[in-house]
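Chain A is the first sequence line, chain B the second, and so forth, proteins listed ahead of strands; every chain is numbered from 1. Just so it is clear, the model here is predicted, and its values are computed rather than measured. Computed over heavy atoms, backbone and side chain alike; hydrogens, waters and symmetry mates excluded.
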Amino acid sequence: MIENLVIVESPAKAKTIEKFLGKDFRVVSSFGHIRDLSKKNLGIDIKNDFNPDYEIPKEKAKVVRELRKAASESKNIWIASDEDREGEAIAWHLVSVLKLDLEKTRRIVFHEITREAITDAIQNPRKVDLNLVNSQQARRILDRLVGFEISPVLWKKVQPSLSAGRVQSVAVRLIVEREREIIAFNTESSFRISALFHPGRPAGDNSLIRAEASKRFSHEKDAGEFLELCAASEFMVGNVSVRPGTRSPAPPFITSTLQQEAYRKLGFSVAQTMAVAQKLYEAGKITYMRTDSTSLSKLALAKSREVIISSFGEKYSKTRQFKTRSRGAQEAHEAIRPAYPDVTTVTGNQNEKKLYELIWKRTIASQMSDAETEKTTISIDMSNSPVIFTATGEVIKFDGFLKVYTESTDHENGEDDKLIIPPVKKGMILLYDSISATQKYTVPPPRYTEASLVKKLEELGIGRPSTYAPTISTIQNRGYVMREDRAGEKRPVRVLTLAAGKITSTSKTELAGKEKSKLFPQDIGMIVNDFLMENFSDIVDYHFTAEVEEQFDEIAMGKLKWTGMLKKFYDPFHSKVEKTLEIKDRKTGVRLLGNHPETGEPVSVKMGRFGPVAQIGDAGDGGKPRFASLTRNQLIETITLEEALNLFRLPRSLGEYEGDEMVAGIGKFGPWIRYRDKFYSMKKGVDDPYTVTTERAAEIIKDKEENDRKKVIRDFGDIKVLNGRFGPYITRDKQNYRMPKGTDPEKLTKEDTINIISKTETSKKST
DNA sequence: CAGTGAGCGAGCTTCCGCTTGACTT
């Protein structure tokens with residue numbers, strides 16, 4: 001018999017805690033929730049006060065078996081699941097599944113994983129808080145009702161296998177609406193005037209002052225006239241102001257900020273960040289990575305202080321505790337920090353090292369002094385114009401936390417790098433080195449990255465640390481959005497430059513609209529979003545989660561009955577579901593583009609059975625419409641009549657090669673040529689399926705065939721020795737086998753290859 | 001891997017939030 005059994009959620013936590021408790025304690029883990037609503041159907045008896053039908057999922061059967069055994073062998077049971085709504089529910093399910101006594105079971109919580117906190121927790125047990133449990137049940141049931149009643153409506157009225165939910169549908173809405181802002185955006189350009197001044201004779205770069213004019217000019221002509229004014233003007237220093245300032249460090253990482261910074265500084269996807277952090281956590285190198293709290297344990301504060309003082313000196317230390325800002329935070333864990341702040345680097349792969357270093361720097365910097373700065377602003381007046389030039393410069397007087405870490409921003413171009421301003425006085429005459437008018441374009445709002453979407457969701461209080469990464473996967477798996485790159489387009493930039501009294505004009509180009517790893521909505525995402533906006537606007541409302549969260553809080557405080565809250569939500573919601581099911585037609589997002597210029601038939605685009613499709617003509621009156629699939633990057637919302645008509649030019653015949661026809665088309669993976677039932681890819685950026693000639697097509701086929709011939713080194717019928725991207729290999733039944741080192745592929749016999757294959761097969765089985 | 005786009009019907013899909021392995025390649 002074991003004296004005491006402690007149940008926690010995470011096995012890594014169990015291991016740590018066991019070390020702190022004596023041998024009278026055994027610590028086991030529940031691996032999160034052990035029970036959930038039935039998977040097969042709704043899992044809720046609506047008529048019977050929303051009575052939930054809980055079951056133990058298959059993958060949890062083993063854990064539950066082991067927990068039951070451990071419980072039966074123990075005298076006292078302590079449930080130490082996390083101190084939040086979900087943790088309380090886990091405790092309650094454990095009581096129920098392990099058939100414990102609700103009155104006798106000791107519920108304890110650790111605010112941090114330190115000996116002190118754990119001993120303190122053991123001395124202050126309480127009972128399971130049923131109000132908190134009920135608020136979790138309300139949350140769980142509401143999410144199930146929303147997801148499992150709206151999704152089937154989508155299957156009937158839009159497309160099978162789609163999904164909707166309180167969290168994912170808002171994530172999609174954000175992306176769709178941002179795209180529409182970008183589509184509607186009108187790019188304008190104006191001329192921005194910047195100048196380089198110097199006091200008297202130029203004395204090298206150090207004495208140059210970079211200043212910007214207060215006025216911008218819409219047209220090149222006006223900008224040119226202003227430069228002429230400048231050529232004839234005298235420049236004099238107006239005001240000089242020197243102001244001290246401070247900069248403070250960012251709070252320690254929580255899940256969302258870690259995801260953002262790992263994306264900005266290391267280029268990690270949200271899922272990748274979580275996977276690497278999980279490794280570090282399991283290895284005991286960092287604290288728990290799914291958290292919404294910025295607070296640090298007393299121990300971490302003290303340790304960080306020691307590290308800072310010994311590395312940088314007393315002056316650099318400033319112990320601080322940050323208030324958690326995020327909405328709906330439940331603060332069951334600490335911030336994400338190094339388990340041992342005195343450990344600066346860790347072993348492990350490159351990504352683990354990089355992420356650890358980032359976490360270490362952020363934590364340490366948060367406990368360091370403010371940086372002290374001095375900001376200088378001077379204005380420069382013109383003798384013949386009211387336009388004023390302004391120059392700003394900043395110097396760091398004391399670096400403080402900046403010694404270790406600076407937070408990145410989402411703005412890619414850090415063009416406002418602060419320069420040092422040489423000492424100047426009011427009334428001093430300045431000479432220009434050069435003054436230029438540069439064409440600047442306005443930019444549309446940026447598309448979301450995975451990380452910036454997480455940031456936005458968190459601001460809205462939607463989703464939890466454990467669900468940000470899965471939510472982003474879900475909306476991509478459903479095809480609602482895709483993470484993509486765009487090459488961007490070149491556009492002209494006009495520059496006028498005044499130097500030594502002469503104005504010259506030049507033309508440059510810049511790249512506009514280049515995108516890397518951004519979230520683009522797809523047609524089906526836009527259609528589903530519009531459908532939800534039309535029929536379930538309250539569910540996809542940005543405030544919906546915040547409003548129900550308020551009610552969950554009231555349930556937790558015992559001020560509101562959870563079944564009553566659900567009824568009040570469900571009745572009007574369900575009648576909307578019923579009403580929406582009465583809609584006759586499927587929503588296809590159909591858009592009429594105009595009429596065919598020759599036949600006059602209507603041309604439209606819509607979501608078809610196999611994806612977005614363009615259509616010429618109607619099906620009624622025995623008419624046979626023609627169809628063509630849209631290509632990647634074309635949207636139903638933005639495609640033009642001309643682009644749609646162009647789609648019908650493919651597939652097109654390219655003439656004959658050695659007596660057989662060649663056909664060009666565009667597929668999922670780019671343009672192709674079909675010849676004798678085989679497909680040949682066209683070269684990206686070289687060949688265009690609309691214009692490729694018969695000769696060029698024949699050449700592509702010849703090249704490919706020659707490459708294929710080179711590819712086969714030995715041919716033994718069912719077994720072949722081939723030349724691949726990574727060198728020679730053996731293939732049989734679509735299975736590939738590596739060549740042992742030092743073999744000459746030309747000399748292989750069939751026997752040899754069979755030997756190699758059987759050797760690889762047996763070594764595979766043994767692992 | 002790429003082409004399809006008639007219609008019917010059975011059986012399937014789906015949520016959010018807590019936790020990690022056990023599976024494949």
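With hydrogens and angles ignored, no donor-acceptor pair under 3.5 angstrom links the side chain of R144(A) to the base of dC16(B). Looking at R140(A), its side chain comes within 3.5 Å of the base of dC15(B) through a donor and an acceptor atom.
In terms of position on DNA chain B, the residue among G608(A) and Y281(A) whose nearest nucleotide sits closer to the 5' end is G608(A). The residue among Y288(A) and S681(A) whose nearest nucleotide of DNA chain B is located toward the 5' end is S681(A).
With dT20(B), dC15(B), dC18(B) as the candidates, the nucleotide lying closest to the side chain of E9(A) is dC18(B). Among the nucleotides dA2(B), dC16(B), dT20(B), the one closest to any side-chain atom of W672(A) is dA2(B). When the nucleotides dC18(B), dT19(B), dC15(B) are ranked by their closest atom to the side chain of S163(A), dC15(B) comes out on top. The side chain of S161(A) has dT13(B) as its nearest neighbour among dT13(B), dC15(B), dG17(B). Here the nucleotide nearest the side chain of F627(A), chosen from dT20(B), dG17(B), dG5(B), is dG5(B). Side chain of D36(A), nearest nucleotide from dT19(B), dA2(B), dC16(B): dC16(B).
D538(A) has a carboxylate O that lies under 4.0 Å from a charged side-chain N of K576(A), or vice versa, which qualifies the two as a salt bridge.
At least one side-chain nitrogen or oxygen of Q168(A) sits closer than 4.0 Å to the OP1 or OP2 atom of dC15(B). OP1 or OP2 of dA2(B) has not a single side-chain nitrogen or oxygen of R674(A) nearer than 4.0 Å. When the side-chain nitrogen and oxygen atoms of R35(A) are compared with OP1 and OP2 of dG17(B), none of them lie within a distance under 4.0 Å. Within the structure, a side-chain polar atom (N or O) of T467(A) is placed less than 4.0 Å from OP1 or OP2 of dG17(B).
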